[in-house]
There are 2 protein chains.
Amino acid sequence: MLDSAHETHPSGERRDRRPGAETREPAIARRHTDTPPPIDADEPWMRALHADSGYLLYRLGLRSGQLFNTFLQESGLRLRHYAVLRCLATCEGALQRELSARLGYDPSAIVGLVDDLEKLGFAERRPAPDDRRSRIVVLTEGGRAFLRDTDQAGRRVTDELLTPLAPAERETLHKLLVRVAGNGLA
Amino acid sequence: MLDSAHETHPSGERRDRRPGAETREPAIARRHTDTPPPIDADEPWMRALHADSGYLLYRLGLRSGQLFNTFLQESGLRLRHYAVLRCLATCEGALQRELSARLGYDPSAIVGLVDDLEKLGFAERRPAPDDRRSRIVVLTEGGRAFLRDTDQAGRRVTDELLTPLAPAERETLHKLLVRVAGNGLA
DNA sequence: AACAACTGTTGACGACACCAATTATTGCGC
DNA sequence: GCGCAATAATTGGTGTCGTCAACAGTTGTT
């Protein structure tokens, strides 16, 4: 699975982007006379949005999510299910409240996710002995097997995303991302 | 308008995350006996998902988008409107088709976005003289004024997001993000 | 016993990515 | 010139997702 996660753009005419020499190619939309070209690239507010790390992060996050989902689609899961599974794998049994806090998902979202995972036999809810409100969610053997089987393919997703980066650069990027994520959710 | 783009979390009880010492705090969900702790942190598939740059990117992108939207919310716009505006500011008149390609949004999404911008008087559609199918979208004076007025606040969004990073690190991160984004959309 | 706080749960709403279909128009081949 | 594939903008529908409000069962406190 997940060999060619490339056909994201069925019609390959989406990538007419040149790295350098941006912000200038009227070429086609250049003849609606009325307004004289008031483009002053000097004006700071006229910079491209892609020059903004925040927006870049936003777009890249989207692409990353899509990539993860295409990788997971044959298993019937989606990224958020996978996140729950991975979380369960490390904390070994967690209240839904904890999952919600750790993953940054709304408590109501956890319900559906755990429902699905239970239906697939990847996790199950158990009563918490000391608090009858809570349910403890644990990974089943099936869930463990799934994680084991898909681990390698999962790594390939990030590999694919970071293709243009050398290993050392990926490390740098990762450290920076961790720093950025650090103060808020994780 | 739009001075303090900070009151992002009305109820400040969402960020109980500590930067260091993650992945270990059973503390509460630690007593559902049945399963013996089969946690082998050695097992590679048991690493936390947050150790994955791809997932980190996904979460950070989400946070970035939220931050942008709270910054824009008083103006009635959302991030995607803002992206269109900024795109128009640099290319000065673009077919909707071009906006779609540049921003990576579906053509059908552009329609609604430009509709909204037109309603707010920030942009307008003009007929393309050589192709009556196309409409050329141009920034109005109002749109230019809006960009001028909100520019500083816009920068503050990225500043806020990258708080934990020193200026040099932000530069590094930005360069890496550009590289990653480079091969696909922008 | 009464009351506030909390857990899981359901429901609704809006934003958004995605895809299919439609209309008006263009360009091309015959 | 006439049909016909391709294209720009548009509409509509579907599914995921983030967010909030409300609710029931349960806990802890007073």
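Note on naming: letters A, B, ... go to the chains in the order of the sequence lines (proteins, then strands), and numbering restarts at 1 for each one. Because the structure is predicted, anything quoted here is derived from the model rather than measured.
Taking atom CG on A:D106 and atom C1' on D:dT16, their separation rounds to 15 Å, with Å as the unit. Here the P atom of nucleotide C:dT7 and the CZ atom of A:R135 are 15 Å apart, to the nearest Å. Residue B:R133 contributes atom CZ, which lies 14 Å from atom C1' of D:dT10 at whole-angstrom precision. Here C:dT7 presents its P atom at 8 Å from CG of A:L95, a figure rounded to the nearest Å. In this structure, the CD atom of B:Q73 is 18 Å from the P atom of D:dG18, given to the nearest Å. Spacing between atom CG of B:L103 and atom P of C:dA17 amounts to 11 Å, rounded to whole angstrom units. Look at CG on A:D130: it is 13 Å from C1' on D:dG28, rounded to the nearest Å. Atom CZ in A:R78 sits roughly 17 Å away from atom P in C:dA17 (whole-Å rounding).
The aromatic rings of B:Y82 and B:F68 sit tilted, their planes meeting at an angle between 30° and 60°.
Within 4.0 Å of A:I110, counting heavy atoms only, lies no atom of the nucleic acid at all. At the heavy-atom level, A:Y58 lies under 4.0 Å from the strands shown only through sugar-phosphate atoms.
Between B:R170 and B:D159 a salt bridge is recorded (basic side-chain N to carboxylate O distance below 4.0 Å).
With hydrogens and angles ignored, a donor-acceptor pair under 3.5 angstrom links the side chain of B:S108 to the base of C:dC19.
Of the candidate nucleotides D:dG18, C:dC18, D:dA9, C:dC18 has the atom nearest to the side chain of A:Q66. Taking only side-chain atoms of A:D131, from C-beta outward, the nucleotide of D:dT27, C:dT25, D:dG18 with the closest atom is D:dT27. The side chain of B:Q96 lies closest to D:dT10, out of D:dA8, D:dT10, C:dT9. Ranking C:dA17, C:dT10, D:dC17 by closeness to the A:V111 side chain, first place goes to C:dT10. The side chain of B:N69 approaches C:dC16 more closely than any other nucleotide in the set D:dG18, C:dC16, C:dT10.
Residues A:L77 and A:F146 meet the side-chain proximity criterion, which asks for heavy atoms closer than 4.5 Å.
With a 6.0 Å cutoff to the six-membered ring centre and a 45° limit on the axis angle, A:R80 counts as a cation-pi contact of A:Y105.
For B:R125, a side-chain nitrogen or oxygen approaches OP1 or OP2 of D:dT10 to under 4.0 Å. The side chain of B:Y105 contributes no N or O atom lying less than 4.0 Å from OP1 or OP2 of D:dA9. Contact annotation: B:R80 side-chain N/O to C:dA15 OP1/OP2 distance is not under 4.0 Å.
Of all non-hydrogen atoms in A:G54 and B:T158, the two that sit nearest each other are N-OG1, 3.6 Å.
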